[in-house]
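See structure below.
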Amino acid sequence: MPSALETLVKILKLERDQGGKNTAVVGGLSAYANSWQPQAREQARRAQHHILIDEIVDSLTAYDKIDSEDARIDKINYLLNRVTDRQKAPPAYQKRLAEWEKKLGSQKDRPPRQKRGRSSHEHVDRRPARQQRGGNKGRFHAYDNASYDEDFTGGPSQTKLDIPPLPSLNRPPRQPRAQLSLEEQLALYRELEAPTTDIRGIGNTYAELLRNLDIHTVRDMLYNFPRDFVDYTRLTCIKDLAAGQTANVIATVQRAGTSVSANGRMDLVVWVSDDTAKMSIRFFSQPFLSQKIKRGMQLLLRGKVSEFRSMASPEWEELDLDNLRKIGIVPVYRMTKGLRPRMLRRTMKVLTSEWENKIPDPIPTSVLDRGELADLGWALKQAHFPDGDDHRRHAQQRLAFDHLLMLQLALLARRREWQSAPGTPLIEDTDILKRFAAEVFPFKLTDGQKKAIQEIQRDLSFSTPMNRLIQGDVGSGKTAVAIVAMAIAYSNHKQSALMAPTGILAEQHYRSLSATFAKMSGPDKPNIALLTSALTADEREAVYRDIADGAVDIVVGTHAVIQKGVEFDDLALAVIDEQQRFGVAQRSQLRGKGGNPHLLIMTATPLPRSLALTYYADLDLSIIADKPAGRREIETKVIDPAARERLNGFVVSQLEQGRQAFFVHPLVEKSESLDTASATEAYEQLSQVYYQYRVCLLHGRMSAAEKDALMADFAAGEYDVMVTTSVAEVGVDVPNASVIVIDGANRFGLSQLHQLRGRVGRGEHQSYCFLLPDSSADIDIDRIRACQAGELERDAMTIAEQRLSAMEESNDGFELADRDWQLRGAGELLGTRQSGHLDFDMLDPGNSELIKEAQYEARTLVEEDPDLQLPEHHLLAAFLRQLYPADSELS
Ligand code: ADP
Ligand code: MG
């Protein structure tokens, strides 16, 4: 979805290009102000935004009354400058700032932060495991302002140290930028690429150690963020230590001595105490530490409390009381043998201080203003050595934003590349749509389908080729949408192609397309051809000829259609079914077919919206979130493998009614480490269990043609039971199938389980999905039930249990995708954790606001200055080129 600002910029520029004739939108700009305002308000986050909206709405409303075209263009230019913040708000509007702030006030204020400092308790992180993960890895979580549970600050303070509270910081401070020429700034960027040995204090040995951590340049160094922080302002008294807790303690050494353990190991045992109690510490196999740890020394200790008042090999550091105030929050870096934490910390301190005021900031200040984002140098410094939790949060926010913005910009550049060559505008023919509704579709389109069709119609009407992805759950009716698009191409006397992942799906599409278009009244109907490997060479040649000379209007085939030697007469639209990504290489192949066809991609693997907006930033998204009326939910149950007998009884009762069943197994061949019976073995067993029925086996090792043939036979009712692996994920419609049994269900991801479940419930029959976990998987069905009943916290379930439970609770692919995101993170969800510079873990649910913000800003930037050629964007362009060289594949 474009941001309100983006849409506005587009329209303002169009209006300017059209000479200020008030023709950019139907009805004129004044009328447009009314429809634009609500969307803009919804996206506005701060008082400044609302003032800008006030002003824009006022100006647009008055626009109709401006009578000279020159004056109108002046107005437009002025507004464009206001939107991009080159021009400050006039005083009349600035005066409203306080008003808006008051209005927004209560709901937007963060809860007051807890007073810190004297508390003697270690902060215990109670966030769910997934959220914590980020912190441990040093990833960024925009809204990671972990609130500290009030109830955990109890207990009298016993620490004698009076540590001042960490400073809090509502908004990040911003500095005026150094007035450097572009050349000077680029020179500084080159300095960032210098080897680490250029840094004072880093010699060859040190550099070698850093190389082990994949740190080669100054930039690597600055962007090597801590994997964790130790907050030495949160201390625990020895008296209050609980076993299992990780704690920071300040204590004085009472005595130290080596001790030989039963197996001959030499340990150093140190007794320490604070005002409240004593504790023993054992440093395994480090007797030499007795040289360093002396009686009377004060130590800062961090470690896990192993049992009653003792720690084993904690991190330690001599406490320098004078220094304590400065210690505060200390970064913990990834380490390699030979590298000393304190040494690296010291280097980082110097380095970040040096670059704090030196690093050129590529992001325009107007963007930072809108997002309330910190300066880059400040953020880099604070990301390593935060003055407080707020500082760290602002720093991480800024750096995460950079990452997201750069990714968006790179993807948008890719889209521009695709759209740089013009395509053929396909003018909408409302008659055809009315005819489709009246004659062709036996159903009423859902709202989601209608909206998708409208979006496609609009895209097709431009000479810029469409680049659209439709996301819709299985059975949401994506094909009907594609059919309308192809009908529009046909009514414009152009060819279209529909490509499916398998031959059998292509065949199914071919049949349903033929049946659908046959219902059109009148003699004028498209000529449809099917291209699969099942054709003889002669037949194929004939089809090729018909496509080349334009006798065929619609070609249906596998994805290979574009790769083979198919020449089109006049291809204007390519529809790609069941594919999420359509790579750069495939696009150029498609373009090689002549012209620059509009592209429509369909996927039944929904992604959560904010994730999709980033991952598919190079595509426009249409989302079909609703389902045709009257669809029945597939009843889903997690079943103890021990109850298989009863399950078989149920399946037989379905087969008796003439239904068909799928049995899914995660593996093809037996693997020693995994105890699930392989599909092959299961096939033999099930053939015995269901001996009165016809059982077949479909697995991944079969050729595409074999799979297609078998699937077709099953769909035709020649078998009752199909045993298969996850290859059945994308498949043909078998409306008569009503049961799917998934073995080893704990091993599948949530989206995959949902896809598999979509094999049934495609007809009029009530359908069922049974999930059987491996018996060794330790899935506790009673616990799942207790959590569902609210008797236990959800967190009591393991991740695998939560997945299975989610399947029982929801039939909605988008909702499940969202849960999957929460449970596994984006990397897992997208099937890849990292790709080039793109770190998908950054796309964390906790970041969704920031992701949206980066999306808006990137689009607005590109809309305003597509090639980032304006002087204020030069640095950004340079930064982008460094991150994503022109030829890099992004995913
Ligand atoms: P998918 O989105 O999974 O590709 P299909 O396009 O194959 O879904 O549609 C699934 C079934 O739903 C088809 O039989 C189709 O005819 C039917 N269908 C599509 N749209 C509607 C609708 N609006 N109302 C009722 N049935 C519909
Ligand atoms: Mg489909």
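All residue numbers in this chain count up from 1 along the given sequence. Ligands are counted one by one from 1 in listed order, and the atoms in each one are counted from 1 as well.
Remark: distances from the non-hydrogen atoms of Val481 to ligand 1 are all 4.0 Å or more. Put simply, part of Gly475 is less than 4.0 Å from ligand 1, judged by heavy atoms. The closest approach between Arg631 and ligand 1 falls below 4.0 Å for a heavy atom of the residue. The shortest heavy-atom distance from Ser476 to ligand 1 is under 4.0 Å.
For atom 14 (O) of ligand 1, the nearest protein heavy atom lies 4.0 Å away or farther. Less than 4.0 angstrom separates atom 11 (C) of ligand 1 from at least one non-hydrogen atom of the protein.
Considering all non-hydrogen atoms of both residues, Gly423 and Pro465 come closest at N-CD, 3.8 Å.
At the top of the distance list for atom 26 (N) of ligand 1, counting protein heavy atoms only, stands Phe443 CD2, 3.5 Å.
Defined by atom type and a distance below 3.5 Å, a donor-acceptor pair is missing between the side-chain atoms of Thr603 and Gln471. A donor-acceptor pair shorter than 3.5 Å can be found between the side chains of Ser805 and Gln788.
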task: Would you sort out whether Met499 and Asp577 count as a side chain to side chain contact (heavy atoms under 4.5 Å, CB included), showing the intermediate values?
output: CA-CA 6 Å; Met499 288 162 274; Asp577 192 25; over 6 Å; no

message: Applying side-chain hydrogen bond (donor to acceptor under 3.5 Å, both in side chains) to Thr464 and Gln419, what does each step give before you reach the verdict?
response: CA-CA 6 Å; Thr464 312; Gln419 295 185 330; 5.8 Å; no

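With a heavy-atom cut-off of 4.0 Å, Gln449 touches ligand 1 through its side chain alone.
Using the six-membered ring where Trp is involved, Phe663 and Tyr690 have ring planes that are tilted, between 30° and 60° apart.
Checking Gly477, Gly763, Ala629 against atom 8 (O) of ligand 1, the nearest heavy atom belongs to Gly477.
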